[in-house]
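Structure record follows, encoded as structure tokens.
Lettering of chains follows the sequences in order, A, B, ..., and the numbering in each one begins at 1.
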Number of protein chains: 2
Amino acid sequence: MKISVLGEGTRCRLCHDCTARGFAICAALDKTELRELAQLSRHVRFESGATVFAQANIATSSFSVHAGTLRLYKLLPDSRRQIVGFALPGDFLGLPGLPRHEFSADAIGRVTLCQFSKESFATFAENRPQLLRRMIELAGRELARAQEHMVLLGRRSAEEKIASFLIGWRDRLSGIGRGGEIMPLPMKRLDIADHLGLTIETVSRTFSKLERDGVIQTFASGVVLLDTPRAEALSAGIS
Amino acid sequence: MKISVLGEGTRCRLCHDCTARGFAICAALDKTELRELAQLSRHVRFESGATVFAQANIATSSFSVHAGTLRLYKLLPDSRRQIVGFALPGDFLGLPGLPRHEFSADAIGRVTLCQFSKESFATFAENRPQLLRRMIELAGRELARAQEHMVLLGRRSAEEKIASFLIGWRDRLSGIGRGGEIMPLPMKRLDIADHLGLTIETVSRTFSKLERDGVIQTFASGVVLLDTPRAEALSAGIS
DNA sequence: TGATCGGGTTGATCTCAATCAAGGACAACA
DNA sequence: TGTTGTCCTTGATTGAGATCAACCCGATCA
């Protein structure tokens, strides 16, 4: 299946001033290696809604997110959907060792990625323990996040789910230097619902309730946490 | 916190005929390396119910499961519990890169493990890309399993959850050469409930329903799949 | 022999979130 | 300017699974 690259694929020559540099896998590389890796990669751009890759397809490429947000999701045959995560700048998609994509990924808003052929990336990483360790670290962090999300899905109320999601999103944004008073939520209500194991109506009602209770304030451009301690308590599962 | 080692910790000298060899990280090592790794490890044994390590504790050791089953779980402050997985022979616990244990682990029945100091294991792995790649592969597989479990927790009915769990358990057992007509379920109903985001009553009722419908048959020693296609259909989310 | 206990099952009832249904806000566009 | 479509919100009702409660069964042990 042809992936829908809308932008031009251009060889990346600008790794040294890439904004995602500090938190992506590239953080493990020195200048020379960086230049070498750039030779193997190309920058690709996807417009909002475009599918970067689809579940179960043979994974011939790996990606490092450069800018934008992606939703990563799995579908059941009857089209029930579970969003297993949102990818942000610095996230790596397409771990070596798994021949097929485990989930589908599509762009929420415009997204740019560094694309590598899995094969050449594997050759490049082959004898670079530093890079391999970095990948283990990223995979471990992702795994920890997945396990935390299992607790949310299996054992928490709608209100706790929303609060947890907001706190987690805030932390991820601040982790990539995008923290701020007003927190952008690029994904739609339906995406949030499919991420938290809720329906869109319950998500909407719960946002309304949190707003009524003075915990958050919603804007077209995002959400502000008014009562952070309360949100954090809900998120931690206290009360 | 002192971990409760009930058995004697003995240096492992028998890696070459270890039963978990084929699917554990050691599969990536040659004879010499195996002997070298054995020098760094010791065999530890835990009796049923014993805690191998606890969530949030500093992780000074890594483990490779040699025999038995463990439940891996996270607790909320009010003692709600989510079992994030069950560990079987060959599973690796305590990835490098994460300073603390992300979950607690305790023995279901008697368990034996190879224990490594994280530090010495890291040194050993340092310049063995083969081993590092193997760990990425295992981490990736674990991540894929976690994501599959998110679909289960977020988007499936009780009956589908139980069927999925049984099919998944069967596949894992057969993956380590423990497949068979009657499938042992070492964990209790409460463990299954806390794994699937259900209550013990719903688990019990659903087992009864599946038995009434001729899909499974339960014994003290385990479960037999009578109508495998039906169970697989439920597990896949068809109907 | 009976008491106790842990684990499991089953029934009655309740509740939280799903479902069904309607309408509002806003942008794109003819 | 009205029309259409997307996204979101809110209300009414339903239902799957939680909760509450009772009981069963086999093991252990006095």
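- Here the nucleotide nearest the side chain of B/T199, chosen from D/dT19, C/dG8, C/dA17, is D/dT19.
- Considering only the side chain of B/E201, D/dT19 comes nearest among C/dA18, D/dT19, C/dA17.
- Rounded to a whole Å, the CD atom of B/E211 is 13 Å from the C1' atom of C/dG8.
- Classification of A/D191 and A/R81 as a salt-bridged pair holds, one side-chain N sitting under 4.0 Å from a carboxylate O.
- A distance-only check finds no donor-acceptor pair linking the side chain of A/R156 to the backbone of A/K161 [under 3.5 Å].
- Within the nucleic acid shown, B/S208 comes within 4.0 Å of sugar-phosphate atoms alone, with no base atom in reach, counting heavy atoms only.
- Residue A/T202 has its side chain nearest to C/dA17 when only C/dA17, C/dT9, C/dC20 are considered.
- Rounded to an integer number of Å, the gap from B/D194 CG to D/dA18 P is 11 Å.
- Computed from coordinates, the B/R205 CZ to D/dG15 P distance equals 18 Å when rounded to whole Å.
- Going from atom CG of B/L190 over to atom C1' of C/dG6 covers 12 Å, rounded to whole Å.
- Only one option out of A/R212, A/R205, A/K209 pairs with A/E159 in a salt bridge (charged side-chain N to carboxylate O under 4.0 Å, His left out); it is A/K209.
- Counting to the nearest Å, the C1' atom of C/dT9 and the CG atom of B/L198 are 16 Å from each other.
- Between A/R155 and A/R212, the one whose closest nucleotide on DNA chain D sits nearer the 5' end is A/R212.
- Between the side chain of A/D171 and the backbone N or O of A/G168 there is no donor-acceptor pair closer than 3.5 Å.
- When distances are taken from the side chain of B/K188 to each of C/dA18, D/dG17, C/dG7, the shortest belongs to C/dG7.
- The nearest whole Å value for the distance from the CD1 atom in A/I192 to the C1' atom in D/dC7 is 12 Å.
- In this structure, the CZ atom of A/F219 is 18 Å from the C1' atom of C/dC26, given to the nearest Å.
- Distance alone, capped at 3.5 Å, is enough to place a donor-acceptor pair between the A/Q82 side chain and the A/D194 backbone.
- The residue among A/V203 and B/R189 whose nearest nucleotide of DNA chain C is located toward the 5' end is B/R189.
- Going from atom NZ of B/K209 over to atom P of C/dT9 covers 16 Å, rounded to whole Å.
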